[in-house]
Amino acid sequence: MAGNGNTDGEFSFSAAAARDALPRITTEKGAKPTTSSDVCHDDTASPVNFQTIDELHSLQKKRSAPTTPLKEGGGEVMGTSGPTTPVSGESMLQSVSASLASLTRETGPKVIKGDPTSTSKVAHVPHTPTSVPAADISDSALKFTHVLHNLSPAELYEQAIKYEKGSFVTSTGALATLSGAKTGRSPKDKRVVKDETTASELWWGKGSPNIEMDEQTFLVNRERAVDYLNSLDKVFVNDQYLNWDPENRIKVRIVSARAYHSLFMHNMCIRPTPEELENFGTPDFTIYNAGKFPCNRFTHYMTSSTSVDINLGRREMVILGTQYAGEMKKGLFGVMHYLMPKRKILSLHSGCNMGKEGDVALFFGLSGTGKTTLSTDHNRYLIGDDEHCWSETGVSNIEGGCYAKCIDLSREKEPDIWNAIKFGTVLENVVFDEHTREVDYKDKSVTENTRAAYPIEYIPNSKIPCVGPHPKNVILLACDAFGVLPPISKLDLAQTMYHFISGYTALVAGTEEGVKEPRATFSACFGAAFIMLHPTKYAAMLAEKMQAQGATGWLVNTGWSGGSYGSGSRIKLAYTRKIIDAIHSGSLLNATYRKTEIFGLEIPNEVEGVPSEILEPMNAWEDKVAYKDTLLKLAGLFRNNFETFTSHKIGEDGKLTEEILAAGPNF
Ligand SMILES: Nc1ncnc2c1ncn2[C@@H]1O[C@H](COP(=O)(O)OP(=O)(O)OP(=O)(O)O)[C@@H](O)[C@H]1O
Ligand SMILES: O=C([O-])CC(=O)C(=O)O
Ligand SMILES: [Ca+2]
Ligand SMILES: [Mn+2]
């Protein structure tokens, strides 16, 4: 790295000065020969406070008030190139050592704080040789693992740029990174440990995202991940929180091999204050991200070299074979989908914002349907863009950051997200000019799923703490690439539940040539990949909460109009925003409605700022026959999908269950 002149000990300022020392030329006539002490007197420059390059460098880094006091006397030596690890103390190291403990060794590895390239004396966890049976001694037990604990974004930038290929600072100061071979999640490689408890508690079998694994296999993968992490010179450790509701906050620890992963989670989880960090204690859940290292395909249950394993009993997650950072975020979301319902709190794959009057809206939708785009609204307070809880007292964001899609991002259409891409933000898999480092958001060379992860306070009107009162509007987003769903419809409770359980969207398979057919996706609760219990459990909770609060349900198509993908076009973001504005303001509630055929959706005759001809999808289609065929095709897909739910009761309310079953398409 070019950075901060990493030349410790190579030469000193005084040696260089001596080599080049020439007598100073004096221009004053008759000047007295100068003594050595005033030779350098020069009023244009203020006196210097250093004698050597090392001292100069030591001045550059001002000693900050440590995030928490350093316990061991002296701590880091100033001016070393390694990052500081302000939070320290033996208890943290001991705790990390315990986290990294192998299952075959009685104690964890020798952990040491600070960067391995740092020359400073650092504390490590004292090992009592008697606690390690001689038979268990291996070379890996003898080496030190350096721990970079809760580094700051600046320190993580330096680590990434120095050691991780593909890390660059962009023209706006973001950290561009590459996630490697995987540029999206790997749901087929997700495994959940089935033990006595989870066997009865979780949703298993057809349609469930929880592919089982046994405890023993989990431990095999855990050992593999831990041994890999311990084999490294250094690991990154983040201790952070999930959930802004203080009563239901969860402490998470993320152990990872990459600065990219550490900065990503720094941005995405809630960042503890220095005081909170000092008293962090034992984490409630720990992730071992050894994504650079594959799983062993000969391990039972493994079907590829990628494995993302959740063990609710051990409160641990192991990642092997994928470096896509979203696995960590969504893995923890899965954990919340288990823990929160136990406390009668509903976990939601939704965005959330609040108006000036305190009116809260939820935005449900599958990936790419607009949760982040539409919840980031200049006229409203952002509570969060992706993961929320709805409790007895209101809503709370689970996360401390946002994760926006960047493909085709423009300053004009999404100014707040555009401006959030600055120093501290992780930019995944984008392409930029090699010289100016200006990002080309249109470029899909690496992936279509380019992303920006930034702390929520980078959005100017974010609401911190990220909590709010009960929602007034529940907006279901579907990006319908068939182009037959209305841009906006009002739903009754049964319809809201029907569409919530269906979780429909239809994205276009890709941008490759020849791909013209939209592909329908049904993902229960708009997040089947993350739920742990049967979808009807979440649906029942949502119905109860919406009923109790008198919230209104809406279905918004952020996809195609005037034809399917290929003939129609995507509904303009500006129109969708107008529709959303009308929901928030309450004006849509009082509009006049008519019912569509087949889906029985209530569509308004008018929405301010939106051309009325697009409100009824059929009007926007030139080919009415093609419209009808496509509509029937989609209705058939909905009906097929819902078949698996027809035998389930939703909550205690038998009447509601029947209404929900009747709320689907009629043909
Ligand atoms: N009419 C529209 N409404 C909403 N988004 C639109 C519209 N037209 C185009 N878009 C684009 O669609 C994308 C929506 O992505 P967004 O990041 O909001 O998805 P998301 O629901 O948050 O998904 P994820 O859960 O994966 O984060 C954005 O790139 C946005 O610019
Ligand atoms: O999880 C991810 O990688 C991105 C995301 O938000 C989603 O897919 O819902
Ligand atoms: Ca999002
Ligand atoms: Mn999401």
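Whatever order the structure lists ligands and atoms in, that order sets their numbers, starting from 1. Remember, predicted model here, so these are calculated numbers, not experimental data.
- Leu366 counts as a contact of ligand 1, since one of its heavy atoms falls under 4.0 Å from the ligand.
- For Lys371, no nitrogen or oxygen atom sits less than 3.5 Å from a nitrogen or oxygen atom of ligand 2, counting backbone and side chain alike.
- At a 3.5 angstrom cut-off on N or O pairs, Gly368 counts as close to ligand 1.
- Within the listing of ligand 1, atoms 30 (C), 31 (O) sit less than 4.0 angstrom from a heavy atom of Glu414.
- Short contacts between ligand 2 and His349, defined as distances under 4.0 Å to a heavy atom of the residue, involve ligand atoms 9 (O).
- For the Mn ion (ligand 4), the N/O/S atoms of Lys371 include none lying under 2.8 Å.
- At least one heavy atom of Tyr324 sits closer than 4.0 Å to an atom of ligand 2.
- The ligand atoms of ligand 1 that sit less than 4.0 angstrom from a heavy atom of Asp386 are 25 (O), 27 (O).
- Asp480 and Arg570 are not joined by a salt bridge, as no carboxylate oxygen comes within less than 4.0 angstrom of a charged side-chain nitrogen.
- Residue Ala404 has no nitrogen or oxygen atom sitting less than 3.5 Å from a nitrogen or oxygen atom of ligand 1, judged on distance alone.
- Within the coordination shell of the Mn ion (ligand 4), defined by N, O or S atoms under 2.8 Å, Glu387 is absent.
- Donor-acceptor pairing under 3.5 Å is lacking for the side chains of Asn397 and Glu399.
- Below 3.5 Å of separation, one finds no N or O of Tyr403 facing any N or O of ligand 2.
- Within the listing of ligand 1, atoms 1 (N), 2 (C), 3 (N) sit less than 4.0 angstrom from a heavy atom of Thr576.
- Side-chain atoms of Asn419 and Asp416 include no donor-acceptor pair closer than 3.5 Å.
- Residue contacts with ligand 2 for Glu327 are absent, since no atom lies close enough (heavy atoms, distance under 4.0 Å).
- Under a 4.0 Å criterion applied to the non-hydrogen atoms of Ile571, ligand 1 contributes the atoms 1 (N), 2 (C), 8 (N).
- In the vicinity of Arg451, heavy-atom distances shorter than 4.0 Å reach the ligand 2 atoms 4 (C), 5 (C).
- The closest approach between any non-hydrogen atom of Arg451 and ligand 1 is below 4.0 Å.
- Under the 6.0 Å cut-off for aromatic ring centres, Tyr538 and His337 qualify, their centroids lying closer than that.
- Atoms of ligand 1 found under 4.0 Å from any heavy atom of His349 (numbered from 1 in listed order, with element): 25 (O).
- Among residues two or more places apart in sequence or in another chain, the side-chain contact (heavy atoms from CB on, under 4.5 Å) test is passed with Thr170 by Thr172, Ala174, Ala176, Leu427, Val439.
- Seen from the Mn ion (ligand 4), atom OD1 on Asp386 and atom NZ on Lys330 lie at an angle near 110° (rounded to 10 degrees).
- Residues Phe423 and Tyr157 bring their aromatic ring centres within 6.0 Å.
- Lys371 places a side-chain N or O within donor-acceptor distance of the main-chain N or O of Gly365, the cut-off being under 3.5 Å.
- The proximity of Lys413 to ligand 1, defined as any non-hydrogen pair under 4.0 Å, does not occur for either the backbone or the side chain.
- Ring planes of Tyr498 and Phe638: parallel class, angle under 30° (limits at 30 and 60°).
- Classification of the Tyr260-Phe264 ring pair by plane angle, with boundaries at 30° and 60°, yields perpendicular.
- In this structure Lys463 satisfies the side-chain contact (heavy atoms from CB on, under 4.5 Å) test together with Met354, Tyr381, Ile383, Val467, sequence neighbours excluded.
- Residue Tyr403 has at least one heavy-atom neighbour below 4.0 Å for each of these atoms of ligand 1: 27 (O).
- At least one N or O atom of Gly370, backbone or side chain, sits closer than 3.5 Å to an N or O atom of ligand 1.
- Per residue His349, closest N, O or S atom to the Mn ion (ligand 4): atom name NE2.
- Considering backbone and side-chain atoms alike, Arg570 places an N or O below 3.5 Å from some N or O of ligand 1.
- Geometrically, ligand 1 and Thr372 share a nitrogen or oxygen pair separated by less than 3.5 Å.
- Classification of the His534-Phe645 ring pair by plane angle, with boundaries at 30° and 60°, yields perpendicular.
- Interface atoms of ligand 1 facing Thr373, defined by a heavy-atom separation under 4.0 Å, are 14 (C), 15 (O), 16 (P), 18 (O), 28 (C), 30 (C).
- Using cut-offs of 30° and 60° for the angle between ring planes, the Tyr403 and Tyr324 rings count as tilted.
- Between the side chain of Tyr593 and the main chain of Asn605, no donor-acceptor pair closer than 3.5 Å is present.
- Separation of the His349 and Phe530 ring centroids falls under the 6.0 Å cut-off.
- Numbered from 1 in the order shown, with element, the atoms of ligand 2 that lie under 4.0 Å from a heavy atom of Asp386 read 6 (O).
- Remark: the backbone N or O of Thr183 is paired with a side-chain donor or acceptor of Asn449 at under 3.5 angstrom.
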